[in-house]
Amino acid sequence: MKKSKFSFILVLMLALSVFLVACSSGEEAPVTDTPVTETPVTEEPKELSGPLTLSGSTSVEKVGLGLIEEFMALNPGVVGTYESIGSSGGVKNAADGVTQIGTSSRDLKDEEKAWGLEELTIAYDGIAVIVNPANPVEDLTVEQITKIYKGEITNWKEVGGNDEEIVVVSREDGSGTRGAFEELLDFEGQLTQNALIAEGNGNVQSTVAGNPKAIGYVSFSSLDNTIKPLKVEGVEPIAEDVINGTYKISRPFIFIYKEENLTDVSRAFLDFVMSEEGQKVVEEKGAIRVK
Amino acid sequence: MGKDMKLDRKNELKEKLAHYLFLFNATVAIISVAAIAFFVFYRGLQPFIPGNAEGTYSLIDFLTGLEWRPGEGKFGILYMIVGSLLATTGAIVLGVPIGILTAVFIAELAPKWIRTVIKPAVELLAGIPSVIYGLFGLGIIVPAIMQLSSQPQGQSLLAVILVLMIMILPTVITITESAIKAVPDSYREGSLGLGATKLYTVFRVVLPAAKSGILAGVVLGIGRAIGETMAVMLVAGNPIAGLPTSIFSPVRPLTTNIAMEMSYAFGLHQEMLFATGVVLFTFIIIINLILNRITRGSELK
(Lines give C-alpha, C1' and ligand atoms only; values in the text may rest on other atoms or scores of the structure.)
Protein backbone atom coordinates (compact mmCIF):
# COMPACT_ATOMS: atom_id res chain seq x y z
CA MET A 1 0.00 0.00 0.00
CA LYS A 2 2.66 2.44 1.17
CA LYS A 3 4.91 1.38 -1.65
CA SER A 4 2.29 1.98 -4.33
CA LYS A 5 1.59 5.42 -2.89
CA PHE A 6 5.26 6.20 -3.00
CA SER A 7 5.64 5.02 -6.58
CA PHE A 8 2.68 7.21 -7.46
CA ILE A 9 4.56 10.16 -5.99
CA LEU A 10 7.61 9.08 -7.96
CA VAL A 11 5.66 9.04 -11.20
CA LEU A 12 4.25 12.45 -10.37
CA MET A 13 7.72 13.81 -9.65
CA LEU A 14 9.01 12.31 -12.84
CA ALA A 15 6.22 13.89 -14.85
CA LEU A 16 6.86 17.20 -13.14
CA SER A 17 10.58 17.06 -13.83
CA VAL A 18 10.00 16.28 -17.52
CA PHE A 19 7.64 19.23 -17.65
CA LEU A 20 10.20 21.50 -15.98
CA VAL A 21 12.97 20.38 -18.29
CA ALA A 22 10.74 21.08 -21.28
CA CYS A 23 9.99 24.56 -19.95
CA SER A 24 13.53 25.49 -19.15
CA SER A 25 14.89 24.33 -22.51
CA GLY A 26 12.31 26.60 -24.12
CA GLU A 27 13.66 29.54 -22.18
CA GLU A 28 17.23 28.70 -22.89
CA ALA A 29 16.74 28.57 -26.63
CA PRO A 30 17.17 32.34 -27.22
CA VAL A 31 20.23 32.42 -24.95
CA THR A 32 22.19 30.28 -27.39
CA ASP A 33 21.74 33.05 -29.99
CA THR A 34 23.82 35.46 -27.99
CA PRO A 35 27.49 35.74 -28.97
CA VAL A 36 29.74 33.09 -27.47
CA THR A 37 32.38 35.65 -26.71
CA GLU A 38 30.65 36.54 -23.46
CA THR A 39 32.56 35.01 -20.58
CA PRO A 40 30.52 32.90 -18.15
CA VAL A 41 30.51 35.14 -15.10
CA THR A 42 27.97 33.34 -12.95
CA GLU A 43 28.45 29.64 -13.28
CA GLU A 44 25.44 28.06 -11.64
CA PRO A 45 25.96 24.79 -9.77
CA LYS A 46 25.22 21.85 -12.03
CA GLU A 47 21.72 20.60 -11.56
CA LEU A 48 21.62 17.11 -10.07
CA SER A 49 19.78 14.40 -11.91
CA GLY A 50 19.76 10.66 -11.96
CA PRO A 51 18.77 7.76 -9.77
CA LEU A 52 19.22 7.55 -6.01
CA THR A 53 18.84 4.03 -4.67
CA LEU A 54 18.54 2.94 -1.06
CA SER A 55 17.65 -0.41 0.44
CA GLY A 56 17.65 -1.97 3.87
CA SER A 57 15.97 -1.78 7.26
CA THR A 58 12.19 -1.61 7.48
CA SER A 59 12.59 0.48 10.63
CA VAL A 60 14.58 3.11 8.76
CA GLU A 61 12.01 3.23 5.96
CA LYS A 62 9.99 6.10 7.41
CA VAL A 63 13.03 8.30 7.97
CA GLY A 64 14.70 7.19 4.72
CA LEU A 65 11.65 7.88 2.61
CA GLY A 66 11.12 11.23 4.29
CA LEU A 67 14.69 12.23 3.47
CA ILE A 68 14.39 11.01 -0.14
CA GLU A 69 11.14 12.89 -0.68
CA GLU A 70 12.57 16.10 0.70
CA PHE A 71 15.75 15.69 -1.36
CA MET A 72 13.74 15.07 -4.53
CA ALA A 73 11.67 18.14 -3.84
CA LEU A 74 14.88 20.19 -3.78
CA ASN A 75 16.37 18.38 -6.80
CA PRO A 76 13.59 17.60 -9.25
CA GLY A 77 15.95 15.71 -11.55
CA VAL A 78 16.60 13.03 -8.95
CA VAL A 79 14.55 9.84 -8.83
CA GLY A 80 14.87 8.12 -5.47
CA THR A 81 13.76 4.68 -4.35
CA TYR A 82 13.74 2.89 -1.00
CA GLU A 83 13.39 -0.86 -0.79
CA SER A 84 12.51 -2.35 2.62
CA ILE A 85 14.35 -5.65 2.80
CA GLY A 86 15.76 -5.64 6.31
CA SER A 87 19.10 -4.48 7.72
CA SER A 88 21.11 -7.53 6.63
CA GLY A 89 19.87 -7.19 3.07
CA GLY A 90 20.72 -3.50 3.10
CA VAL A 91 24.29 -4.07 4.23
CA LYS A 92 24.74 -6.76 1.61
CA ASN A 93 23.30 -4.57 -1.16
CA ALA A 94 25.67 -1.76 -0.20
CA ALA A 95 28.63 -4.15 -0.30
CA ASP A 96 27.64 -5.60 -3.68
CA GLY A 97 26.76 -2.21 -5.15
CA VAL A 98 23.15 -3.30 -5.86
CA THR A 99 22.01 -0.02 -4.35
CA GLN A 100 24.17 3.04 -3.81
CA ILE A 101 23.34 3.18 -0.11
CA GLY A 102 22.28 0.48 2.31
CA THR A 103 20.49 1.17 5.57
CA SER A 104 20.65 -0.63 8.88
CA SER A 105 18.97 -0.27 12.26
CA ARG A 106 21.75 -2.11 14.09
CA ASP A 107 25.52 -1.85 14.34
CA LEU A 108 27.45 -3.80 11.73
CA LYS A 109 28.47 -7.34 12.59
CA ASP A 110 32.19 -8.20 12.57
CA GLU A 111 31.94 -10.16 9.33
CA GLU A 112 30.18 -7.22 7.68
CA LYS A 113 32.87 -4.83 8.87
CA ALA A 114 35.40 -6.89 6.92
CA TRP A 115 33.70 -5.89 3.66
CA GLY A 116 35.29 -2.43 3.69
CA LEU A 117 32.14 -0.37 4.06
CA GLU A 118 31.79 3.26 5.12
CA GLU A 119 29.26 3.90 7.90
CA LEU A 120 27.32 7.06 8.60
CA THR A 121 25.03 7.24 11.63
CA ILE A 122 22.19 9.49 10.50
CA ALA A 123 19.81 9.17 13.47
CA TYR A 124 18.96 7.26 16.63
CA ASP A 125 15.79 5.49 17.63
CA GLY A 126 14.86 5.29 21.29
CA ILE A 127 12.05 3.48 23.03
CA ALA A 128 10.82 4.74 26.39
CA VAL A 129 9.33 2.41 29.00
CA ILE A 130 6.31 4.07 30.58
CA VAL A 131 4.12 3.60 33.65
CA ASN A 132 1.19 5.41 35.20
CA PRO A 133 2.18 8.59 37.14
CA ALA A 134 0.60 7.00 40.24
CA ASN A 135 3.17 4.19 40.15
CA PRO A 136 6.01 4.79 42.66
CA VAL A 137 8.56 2.83 40.57
CA GLU A 138 11.09 5.16 38.93
CA ASP A 139 13.84 2.97 37.61
CA LEU A 140 14.12 -0.55 36.16
CA THR A 141 17.02 -2.58 34.86
CA VAL A 142 17.01 -4.04 31.36
CA GLU A 143 16.78 -7.49 32.94
CA GLN A 144 13.73 -6.55 35.03
CA ILE A 145 11.94 -5.11 32.00
CA THR A 146 12.69 -8.23 29.99
CA LYS A 147 11.41 -10.47 32.79
CA ILE A 148 8.22 -8.41 33.12
CA TYR A 149 7.53 -8.73 29.39
CA LYS A 150 8.28 -12.45 29.45
CA GLY A 151 5.87 -12.90 32.37
CA GLU A 152 8.57 -13.99 34.85
CA ILE A 153 7.98 -10.96 37.09
CA THR A 154 4.26 -10.40 37.61
CA ASN A 155 4.02 -8.21 40.71
CA TRP A 156 5.24 -4.63 41.12
CA LYS A 157 6.60 -5.39 44.61
CA GLU A 158 9.28 -7.60 43.04
CA VAL A 159 10.78 -4.48 41.47
CA GLY A 160 10.24 -2.15 44.41
CA GLY A 161 6.67 -1.04 43.80
CA ASN A 162 3.29 -1.64 45.41
CA ASP A 163 1.92 -5.13 45.97
CA GLU A 164 -0.05 -5.10 42.73
CA GLU A 165 -0.22 -7.31 39.69
CA ILE A 166 1.59 -5.90 36.65
CA VAL A 167 -0.52 -5.21 33.57
CA VAL A 168 1.81 -5.64 30.59
CA VAL A 169 0.89 -3.60 27.52
CA SER A 170 2.49 -4.35 24.17
CA ARG A 171 1.96 -3.48 20.51
CA GLU A 172 0.39 -5.48 17.69
CA ASP A 173 2.52 -8.04 15.88
CA GLY A 174 4.36 -6.50 12.94
CA SER A 175 4.74 -3.08 14.57
CA GLY A 176 8.25 -1.68 14.10
CA THR A 177 8.39 -0.41 17.67
CA ARG A 178 7.46 -3.83 19.03
CA GLY A 179 10.00 -5.50 16.77
CA ALA A 180 12.75 -3.14 17.93
CA PHE A 181 11.75 -3.46 21.61
CA GLU A 182 11.75 -7.27 21.54
CA GLU A 183 15.00 -7.31 19.57
CA LEU A 184 16.82 -4.87 21.86
CA LEU A 185 15.69 -6.71 25.00
CA ASP A 186 16.25 -10.07 23.32
CA PHE A 187 12.91 -11.77 24.02
CA GLU A 188 11.55 -12.16 20.51
CA GLY A 189 8.51 -14.43 20.44
CA GLN A 190 8.43 -14.77 24.23
CA LEU A 191 5.93 -12.04 25.10
CA THR A 192 3.75 -13.11 28.03
CA GLN A 193 0.32 -14.24 26.92
CA ASN A 194 -1.28 -12.07 29.60
CA ALA A 195 -0.18 -8.93 27.79
CA LEU A 196 -2.80 -6.53 26.53
CA ILE A 197 -2.23 -5.52 22.93
CA ALA A 198 -2.90 -1.92 21.95
CA GLU A 199 -2.83 -0.63 18.40
CA GLY A 200 -0.38 2.24 17.94
CA ASN A 201 1.71 4.39 20.29
CA GLY A 202 -1.33 6.47 21.22
CA ASN A 203 -3.38 3.52 22.43
CA VAL A 204 -0.49 2.16 24.51
CA GLN A 205 -0.19 5.56 26.07
CA SER A 206 -3.89 5.93 26.90
CA THR A 207 -4.03 2.38 28.27
CA VAL A 208 -1.12 3.09 30.62
CA ALA A 209 -2.52 6.52 31.50
CA GLY A 210 -5.78 4.83 32.51
CA ASN A 211 -4.35 2.01 34.62
CA PRO A 212 -2.05 2.51 37.66
CA LYS A 213 -0.76 -1.07 37.35
CA ALA A 214 0.21 -0.92 33.68
CA ILE A 215 3.59 -0.83 31.98
CA GLY A 216 4.06 -0.03 28.30
CA TYR A 217 6.57 1.26 25.79
CA VAL A 218 6.41 4.00 23.18
CA SER A 219 8.83 5.81 20.92
CA PHE A 220 10.35 8.97 22.41
CA SER A 221 8.25 11.24 20.22
CA SER A 222 5.04 9.95 21.85
CA LEU A 223 5.92 10.89 25.43
CA ASP A 224 3.70 13.38 27.27
CA ASN A 225 2.69 14.15 30.84
CA THR A 226 -0.22 11.70 31.12
CA ILE A 227 2.32 8.93 31.67
CA LYS A 228 5.68 8.60 33.43
CA PRO A 229 8.77 7.47 31.52
CA LEU A 230 11.03 5.21 33.59
CA LYS A 231 14.76 5.42 33.92
CA VAL A 232 16.51 2.37 32.52
CA GLU A 233 19.59 1.31 34.51
CA GLY A 234 19.43 4.74 36.13
CA VAL A 235 19.48 6.64 32.82
CA GLU A 236 16.70 8.99 31.73
CA PRO A 237 15.13 8.39 28.32
CA ILE A 238 16.33 11.60 26.70
CA ALA A 239 17.98 12.17 23.35
CA GLU A 240 21.44 13.04 24.76
CA ASP A 241 21.68 9.78 26.67
CA VAL A 242 20.78 7.87 23.53
CA ILE A 243 23.45 9.66 21.52
CA ASN A 244 26.17 9.11 24.12
CA GLY A 245 25.17 5.45 24.35
CA THR A 246 24.15 5.27 28.00
CA TYR A 247 20.42 4.73 27.42
CA LYS A 248 20.14 1.05 26.65
CA ILE A 249 16.84 0.67 24.79
CA SER A 250 17.98 2.48 21.69
CA ARG A 251 19.60 1.76 18.36
CA PRO A 252 21.33 3.69 15.62
CA PHE A 253 20.01 4.23 12.11
CA ILE A 254 23.02 3.80 9.84
CA PHE A 255 23.62 4.49 6.15
CA ILE A 256 26.23 2.17 4.66
CA TYR A 257 28.04 2.65 1.36
CA LYS A 258 31.18 2.01 -0.62
CA GLU A 259 32.96 5.10 -1.87
CA GLU A 260 33.27 3.73 -5.41
CA ASN A 261 29.50 3.10 -5.69
CA LEU A 262 28.55 6.68 -4.90
CA THR A 263 27.39 9.06 -7.64
CA ASP A 264 27.18 12.86 -7.52
CA VAL A 265 23.55 12.44 -6.55
CA SER A 266 24.14 10.04 -3.68
CA ARG A 267 27.09 12.10 -2.42
CA ALA A 268 24.92 15.20 -2.37
CA PHE A 269 22.19 13.18 -0.66
CA LEU A 270 24.52 12.14 2.16
CA ASP A 271 25.52 15.79 2.64
CA PHE A 272 21.85 16.73 2.71
CA VAL A 273 21.04 14.05 5.30
CA MET A 274 23.61 15.45 7.72
CA SER A 275 22.61 19.08 7.06
CA GLU A 276 20.26 21.04 9.30
CA GLU A 277 17.39 20.50 6.82
CA GLY A 278 18.00 16.77 6.66
CA GLN A 279 18.19 16.38 10.41
CA LYS A 280 14.93 18.31 10.70
CA VAL A 281 13.29 15.64 8.53
CA VAL A 282 14.78 12.96 10.80
CA GLU A 283 13.14 14.62 13.79
CA GLU A 284 9.80 15.05 11.98
CA LYS A 285 9.73 11.33 11.26
CA GLY A 286 10.04 10.50 14.95
CA ALA A 287 13.72 9.65 15.22
CA ILE A 288 16.43 11.34 17.28
CA ARG A 289 18.76 13.66 15.38
CA VAL A 290 22.49 13.10 15.62
CA LYS A 291 23.37 16.80 15.41
CA MET B 1 -52.75 3.55 -36.95
CA GLY B 2 -49.14 4.11 -38.03
CA LYS B 3 -48.80 6.85 -35.48
CA ASP B 4 -50.02 4.56 -32.71
CA MET B 5 -47.55 1.89 -33.64
CA LYS B 6 -44.78 4.40 -33.58
CA LEU B 7 -45.83 5.49 -30.10
CA ASP B 8 -46.03 1.88 -29.00
CA ARG B 9 -42.54 1.22 -30.23
CA LYS B 10 -41.26 4.34 -28.51
CA ASN B 11 -42.82 3.27 -25.24
CA GLU B 12 -41.48 -0.21 -25.68
CA LEU B 13 -38.00 1.19 -26.14
CA LYS B 14 -38.38 3.32 -23.01
CA GLU B 15 -39.52 0.28 -21.06
CA LYS B 16 -36.56 -1.70 -22.26
CA LEU B 17 -34.12 1.06 -21.41
CA ALA B 18 -35.57 1.39 -17.93
CA HIS B 19 -35.41 -2.37 -17.56
CA TYR B 20 -31.71 -2.46 -18.35
CA LEU B 21 -31.01 0.57 -16.18
CA PHE B 22 -32.58 -1.17 -13.20
CA LEU B 23 -30.88 -4.43 -14.03
CA PHE B 24 -27.52 -2.68 -14.18
CA ASN B 25 -28.06 -1.06 -10.79
CA ALA B 26 -29.09 -4.36 -9.27
CA THR B 27 -25.96 -6.06 -10.58
CA VAL B 28 -23.68 -3.50 -8.88
CA ALA B 29 -24.65 -4.94 -5.50
CA ILE B 30 -24.43 -8.53 -6.69
CA ILE B 31 -21.06 -8.05 -8.36
CA SER B 32 -19.72 -6.35 -5.22
CA VAL B 33 -20.77 -9.21 -2.97
CA ALA B 34 -19.41 -11.80 -5.38
CA ALA B 35 -16.13 -9.93 -5.80
CA ILE B 36 -15.62 -9.46 -2.06
CA ALA B 37 -16.47 -13.09 -1.33
CA PHE B 38 -14.17 -14.33 -4.08
CA PHE B 39 -11.32 -12.06 -3.01
CA VAL B 40 -11.49 -12.94 0.69
CA PHE B 41 -11.88 -16.67 0.12
CA TYR B 42 -9.24 -16.75 -2.60
CA ARG B 43 -6.63 -15.02 -0.43
CA GLY B 44 -7.74 -16.64 2.82
CA LEU B 45 -7.70 -20.24 1.63
CA GLN B 46 -4.23 -20.05 0.03
CA PRO B 47 -2.28 -21.01 3.18
CA PHE B 48 -4.17 -24.29 3.47
CA ILE B 49 -3.41 -25.41 -0.07
CA PRO B 50 -0.18 -27.42 -0.39
CA GLY B 51 2.53 -25.69 -2.40
CA ASN B 52 1.46 -22.13 -1.56
CA ALA B 53 4.23 -19.63 -2.33
CA GLU B 54 4.07 -17.86 1.03
CA GLY B 55 4.12 -21.09 3.02
CA THR B 56 1.37 -23.35 4.24
CA TYR B 57 -0.40 -23.88 7.54
CA SER B 58 -2.59 -26.66 8.84
CA LEU B 59 -6.30 -25.78 8.79
CA ILE B 60 -6.85 -27.81 11.95
CA ASP B 61 -4.04 -26.00 13.83
CA PHE B 62 -5.54 -22.74 12.64
CA LEU B 63 -9.06 -23.50 13.86
CA THR B 64 -8.04 -25.18 17.13
CA GLY B 65 -4.92 -23.21 18.09
CA LEU B 66 -4.87 -21.08 21.23
CA GLU B 67 -1.90 -18.88 20.38
CA TRP B 68 -1.43 -16.11 17.81
CA ARG B 69 2.29 -15.33 17.40
CA PRO B 70 2.84 -14.52 13.73
CA GLY B 71 6.54 -13.86 14.38
CA GLU B 72 6.92 -17.45 15.60
CA GLY B 73 4.69 -18.93 12.91
CA LYS B 74 1.84 -19.69 15.32
CA PHE B 75 -1.61 -18.82 13.96
CA GLY B 76 -4.29 -20.25 16.25
CA ILE B 77 -7.68 -18.55 16.35
CA LEU B 78 -9.87 -20.82 18.48
CA TYR B 79 -9.60 -18.43 21.43
CA MET B 80 -10.69 -15.59 19.16
CA ILE B 81 -13.68 -17.54 17.84
CA VAL B 82 -14.68 -18.29 21.43
CA GLY B 83 -14.18 -14.62 22.36
CA SER B 84 -16.29 -13.40 19.44
CA LEU B 85 -19.10 -15.86 20.17
CA LEU B 86 -19.15 -15.14 23.92
CA ALA B 87 -19.15 -11.39 23.34
CA THR B 88 -21.98 -11.64 20.81
CA THR B 89 -24.03 -13.97 23.01
CA GLY B 90 -23.58 -11.71 26.01
CA ALA B 91 -24.59 -8.63 24.06
CA ILE B 92 -27.72 -10.40 22.75
CA VAL B 93 -28.72 -11.75 26.18
CA LEU B 94 -28.48 -8.31 27.74
CA GLY B 95 -29.49 -6.17 24.78
CA VAL B 96 -32.49 -8.00 23.34
CA PRO B 97 -34.78 -7.80 26.40
CA ILE B 98 -33.96 -4.11 26.81
CA GLY B 99 -34.53 -3.53 23.11
CA ILE B 100 -37.85 -5.39 22.95
CA LEU B 101 -39.23 -3.74 26.07
CA THR B 102 -38.19 -0.33 24.74
CA ALA B 103 -39.93 -1.08 21.45
CA VAL B 104 -43.10 -2.19 23.24
CA PHE B 105 -43.01 0.96 25.30
CA ILE B 106 -42.59 3.20 22.27
CA ALA B 107 -45.19 1.42 20.17
CA GLU B 108 -47.88 0.57 22.69
CA LEU B 109 -47.61 2.23 26.05
CA ALA B 110 -45.72 5.52 26.02
CA PRO B 111 -47.57 8.84 26.11
CA LYS B 112 -46.94 10.84 22.96
CA TRP B 113 -44.52 13.35 24.48
CA ILE B 114 -42.25 10.62 25.88
CA ARG B 115 -42.29 8.89 22.51
CA THR B 116 -41.13 12.11 20.83
CA VAL B 117 -38.10 12.07 23.16
CA ILE B 118 -37.19 8.39 23.00
CA LYS B 119 -37.55 7.81 19.27
CA PRO B 120 -35.08 10.46 18.11
CA ALA B 121 -32.69 9.35 20.87
CA VAL B 122 -32.74 5.78 19.56
CA GLU B 123 -32.26 7.01 16.00
CA LEU B 124 -29.33 9.14 17.10
CA LEU B 125 -27.81 6.12 18.83
CA ALA B 126 -27.87 4.30 15.49
CA GLY B 127 -25.99 7.13 13.81
CA ILE B 128 -23.08 7.44 16.24
CA PRO B 129 -19.84 6.24 14.62
CA SER B 130 -18.55 3.05 16.19
CA VAL B 131 -15.18 4.52 17.16
CA ILE B 132 -17.07 6.95 19.41
CA TYR B 133 -18.65 3.98 21.19
CA GLY B 134 -15.11 2.68 21.62
CA LEU B 135 -13.90 5.94 23.17
CA PHE B 136 -16.90 5.92 25.49
CA GLY B 137 -16.07 2.35 26.46
CA LEU B 138 -12.41 3.17 27.05
CA GLY B 139 -13.18 6.31 29.04
CA ILE B 140 -16.16 5.15 31.14
CA ILE B 141 -16.77 1.40 31.01
CA VAL B 142 -13.16 0.16 31.24
CA PRO B 143 -12.25 2.24 34.34
CA ALA B 144 -15.54 1.25 36.01
CA ILE B 145 -14.86 -2.44 35.40
CA MET B 146 -11.31 -2.00 36.69
CA GLN B 147 -12.81 -1.02 40.07
CA LEU B 148 -15.02 -4.14 40.21
CA SER B 149 -12.75 -6.66 38.59
CA SER B 150 -10.72 -9.39 40.20
CA GLN B 151 -8.16 -8.75 37.46
CA PRO B 152 -5.81 -5.76 37.32
CA GLN B 153 -7.18 -4.36 34.05
CA GLY B 154 -10.59 -3.24 32.85
CA GLN B 155 -10.19 -4.31 29.23
CA SER B 156 -12.33 -7.42 29.26
CA LEU B 157 -15.07 -9.59 27.83
CA LEU B 158 -17.53 -7.69 30.01
CA ALA B 159 -16.45 -4.34 28.56
CA VAL B 160 -16.93 -5.72 25.03
CA ILE B 161 -20.36 -7.10 25.93
CA LEU B 162 -21.53 -3.79 27.40
CA VAL B 163 -20.33 -1.74 24.42
CA LEU B 164 -21.89 -4.18 21.94
CA MET B 165 -25.12 -4.26 23.94
CA ILE B 166 -25.52 -0.51 23.51
CA MET B 167 -24.60 -0.76 19.85
CA ILE B 168 -27.23 -3.36 18.96
CA LEU B 169 -30.06 -1.53 20.76
CA PRO B 170 -31.06 0.73 17.84
CA THR B 171 -31.24 -2.24 15.45
CA VAL B 172 -33.36 -4.33 17.80
CA ILE B 173 -35.59 -1.43 18.84
CA THR B 174 -36.42 -0.06 15.39
CA ILE B 175 -37.10 -3.42 13.77
CA THR B 176 -39.14 -4.69 16.73
CA GLU B 177 -41.11 -1.48 16.81
CA SER B 178 -42.09 -1.70 13.15
CA ALA B 179 -42.99 -5.38 13.61
CA ILE B 180 -45.28 -4.45 16.50
CA LYS B 181 -46.82 -1.60 14.51
CA ALA B 182 -47.56 -4.03 11.67
CA VAL B 183 -49.83 -6.14 13.92
CA PRO B 184 -53.43 -5.27 12.89
CA ASP B 185 -55.45 -3.26 15.41
CA SER B 186 -58.22 -5.84 15.25
CA TYR B 187 -55.98 -8.19 17.30
CA ARG B 188 -55.69 -5.64 20.09
CA GLU B 189 -59.37 -4.72 19.94
CA GLY B 190 -60.35 -8.37 20.06
CA SER B 191 -58.17 -9.03 23.06
CA LEU B 192 -59.26 -5.94 24.93
CA GLY B 193 -62.87 -6.63 24.00
CA LEU B 194 -62.63 -10.03 25.65
CA GLY B 195 -61.64 -8.30 28.87
CA ALA B 196 -57.86 -8.76 28.78
CA THR B 197 -55.68 -6.10 30.36
CA LYS B 198 -53.42 -3.95 28.25
CA LEU B 199 -50.27 -5.73 29.42
CA TYR B 200 -51.83 -9.14 28.78
CA THR B 201 -52.77 -7.99 25.30
CA VAL B 202 -49.24 -6.78 24.57
CA PHE B 203 -47.42 -9.86 25.81
CA ARG B 204 -49.88 -12.59 24.85
CA VAL B 205 -51.36 -11.24 21.63
CA VAL B 206 -49.25 -8.52 20.01
CA LEU B 207 -45.74 -9.85 20.64
CA PRO B 208 -46.50 -13.42 19.48
CA ALA B 209 -48.06 -11.97 16.32
CA ALA B 210 -44.93 -9.89 15.70
CA LYS B 211 -42.59 -12.79 16.48
CA SER B 212 -40.88 -13.23 13.13
CA GLY B 213 -40.19 -9.50 12.77
CA ILE B 214 -38.67 -9.42 16.25
CA LEU B 215 -36.51 -12.44 15.48
CA ALA B 216 -35.27 -10.72 12.35
CA GLY B 217 -34.22 -7.77 14.52
CA VAL B 218 -32.38 -10.10 16.89
CA VAL B 219 -30.53 -11.79 14.04
CA LEU B 220 -29.51 -8.45 12.55
CA GLY B 221 -28.31 -7.47 16.02
CA ILE B 222 -26.17 -10.61 16.12
CA GLY B 223 -24.71 -9.66 12.75
CA ARG B 224 -23.88 -6.18 13.95
CA ALA B 225 -22.30 -7.49 17.17
CA ILE B 226 -20.10 -10.12 15.56
CA GLY B 227 -18.90 -7.77 12.82
CA GLU B 228 -18.16 -4.76 15.01
CA THR B 229 -14.49 -3.81 14.99
CA MET B 230 -13.36 -0.33 16.01
CA ALA B 231 -15.33 0.03 19.21
CA VAL B 232 -14.37 -3.45 20.34
CA MET B 233 -10.67 -3.04 19.58
CA LEU B 234 -10.32 -0.27 22.15
CA VAL B 235 -11.91 -2.16 25.06
CA ALA B 236 -11.11 -5.84 24.42
CA GLY B 237 -7.45 -6.02 25.51
CA ASN B 238 -6.62 -8.21 22.48
CA PRO B 239 -4.25 -10.74 24.12
CA ILE B 240 -2.08 -12.97 21.95
CA ALA B 241 -3.21 -16.22 23.54
CA GLY B 242 -5.55 -17.91 25.96
CA LEU B 243 -9.24 -18.74 26.25
CA PRO B 244 -11.24 -16.30 28.38
CA THR B 245 -11.82 -17.83 31.82
CA SER B 246 -14.18 -15.23 33.25
CA ILE B 247 -16.09 -12.13 32.11
CA PHE B 248 -13.12 -10.10 33.38
CA SER B 249 -10.63 -11.83 31.04
CA PRO B 250 -9.42 -9.85 28.06
CA VAL B 251 -10.54 -11.21 24.71
CA ARG B 252 -9.44 -10.79 21.11
CA PRO B 253 -12.40 -10.92 18.73
CA LEU B 254 -11.82 -12.03 15.12
CA THR B 255 -12.51 -8.59 13.72
CA THR B 256 -9.91 -6.77 15.80
CA ASN B 257 -7.30 -9.39 14.95
CA ILE B 258 -7.63 -8.41 11.30
CA ALA B 259 -7.89 -4.66 11.84
CA MET B 260 -4.92 -4.40 14.20
CA GLU B 261 -2.36 -6.23 12.13
CA MET B 262 -3.36 -5.78 8.50
CA SER B 263 -1.43 -2.55 8.03
CA TYR B 264 1.93 -4.21 8.80
CA ALA B 265 1.38 -7.79 7.73
CA PHE B 266 2.89 -9.37 4.65
CA GLY B 267 3.44 -12.87 3.29
CA LEU B 268 1.93 -15.75 5.23
CA HIS B 269 0.92 -13.47 8.11
CA GLN B 270 -1.25 -11.41 5.75
CA GLU B 271 -2.84 -14.49 4.25
CA MET B 272 -3.64 -15.80 7.73
CA LEU B 273 -5.44 -12.52 8.43
CA PHE B 274 -7.49 -13.12 5.29
CA ALA B 275 -8.14 -16.62 6.60
CA THR B 276 -9.46 -15.03 9.80
CA GLY B 277 -11.71 -13.00 7.50
CA VAL B 278 -12.95 -16.20 5.88
CA VAL B 279 -14.02 -17.53 9.28
CA LEU B 280 -15.79 -14.27 10.06
CA PHE B 281 -17.42 -14.25 6.62
CA THR B 282 -18.67 -17.78 7.20
CA PHE B 283 -20.33 -16.71 10.44
CA ILE B 284 -22.03 -13.79 8.67
CA ILE B 285 -23.27 -16.08 5.87
CA ILE B 286 -24.75 -18.47 8.44
CA ILE B 287 -26.48 -15.59 10.20
CA ASN B 288 -27.93 -14.36 6.91
CA LEU B 289 -29.21 -17.80 6.00
CA ILE B 290 -30.99 -17.95 9.36
CA LEU B 291 -32.41 -14.49 8.75
CA ASN B 292 -33.69 -15.54 5.30
CA ARG B 293 -35.38 -18.56 6.77
CA ILE B 294 -37.09 -16.47 9.45
CA THR B 295 -38.40 -13.84 7.05
CA ARG B 296 -39.50 -16.46 4.54
CA GLY B 297 -41.36 -18.22 7.33
CA SER B 298 -43.32 -15.06 8.04
CA GLU B 299 -44.19 -14.59 4.38
CA LEU B 300 -45.64 -18.09 4.14
CA LYS B 301 -47.96 -17.38 7.04
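By convention in this document, chain letters (A, B, ...) are assigned in the order of the sequence lines, proteins followed by strands, and residues within each chain are numbered from 1.
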inquiry  = Are the side chains of B:Gln153 and A:Lys213 in contact, using a 4.5 Å heavy-atom criterion?
reply    =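 No - every pair of side-chain heavy atoms lies 4.5 Å or more apart.
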
Practice problem: For the residue pair A:Leu196 and B:Asn238, establish whether any side-chain heavy-atom pair is separated by less than 4.5 Å. | Solution: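 They are not in side-chain contact.
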
*side-chain contact (heavy atoms from CB on, under 4.5 Å) with B:Pro152: which of A:Thr154, A:Ile166, A:Asn194, A:Val167?*
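That would be A:Val167; it is the only one of A:Thr154, A:Ile166, A:Asn194, A:Val167 passing the side-chain contact (heavy atoms from CB on, under 4.5 Å) with B:Pro152.
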
Heavy-atom proximity to chain A below 4.5 Å, by part of B:Pro250: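 The answer is the side chain of B:Pro250.
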
- Message: If I measure from the heavy atoms of chain A, does B:Met146 come under 4.5 Å with its side chain, its backbone, both, or neither?
- Response: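 Contact with chain A involves the side chain of B:Met146 alone.
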
How long is the gap from [atom1] on [X] to [atom2] on [Y], to the nearest 0.5 Å?
| X | Y | atom1 | atom2 | value |
| --- | --- | --- | --- | --- |
| B:Met233 | A:Ile197 | CE | CD1 | 12.5 Å |
| B:Trp68 | A:Glu172 | CH2 | CD | 13.0 Å |
| A:Gln190 | B:Glu72 | CD | CD | 8.0 Å |

Notebook entry, point to check: Which heavy-atom pair separates B:Ala259 from A:Glu199 by the least distance, and what is that distance?
Noted result: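 What the structure gives for the nearest pair is O-OE2, 4.4 Å.
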
So with a 6.0 Å cut-off around [atom1] of [X], is the heavy-atom count from everything else above 12?
| X | atom1 | result |
| --- | --- | --- |
| B:Ile49 | CD1 | yes |
| A:Glu143 | CD | no |
| A:Lys147 | NZ | no |

Answer with side chain, backbone, both or neither: which region of A:Thr192 has an atom nearer than 4.5 Å to a non-hydrogen atom of chain B?
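Only the backbone of A:Thr192 comes within 4.5 Å of chain B.
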
At a 4.5 Å cut-off on heavy atoms, which part of A:Asn211 comes close to chain B: side chain, backbone, both, or neither?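 Both backbone and side chain of A:Asn211 come within 4.5 Å of chain B.
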
With distance as the sole test, does B:Arg69 use its side chain to make a donor-acceptor pair with the main-chain N or O of A:Asp173 at under 3.5 Å?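 Looks like no, no N/O pair under 3.5 Å.
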
Count the heavy-atom pairs under 4.5 Å between each of B:Ser249, B:Pro239, B:Gly237 and chain A, then report the option with the highest count.
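Sorted descending by pairs with chain A, the first entry is B:Gly237.
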
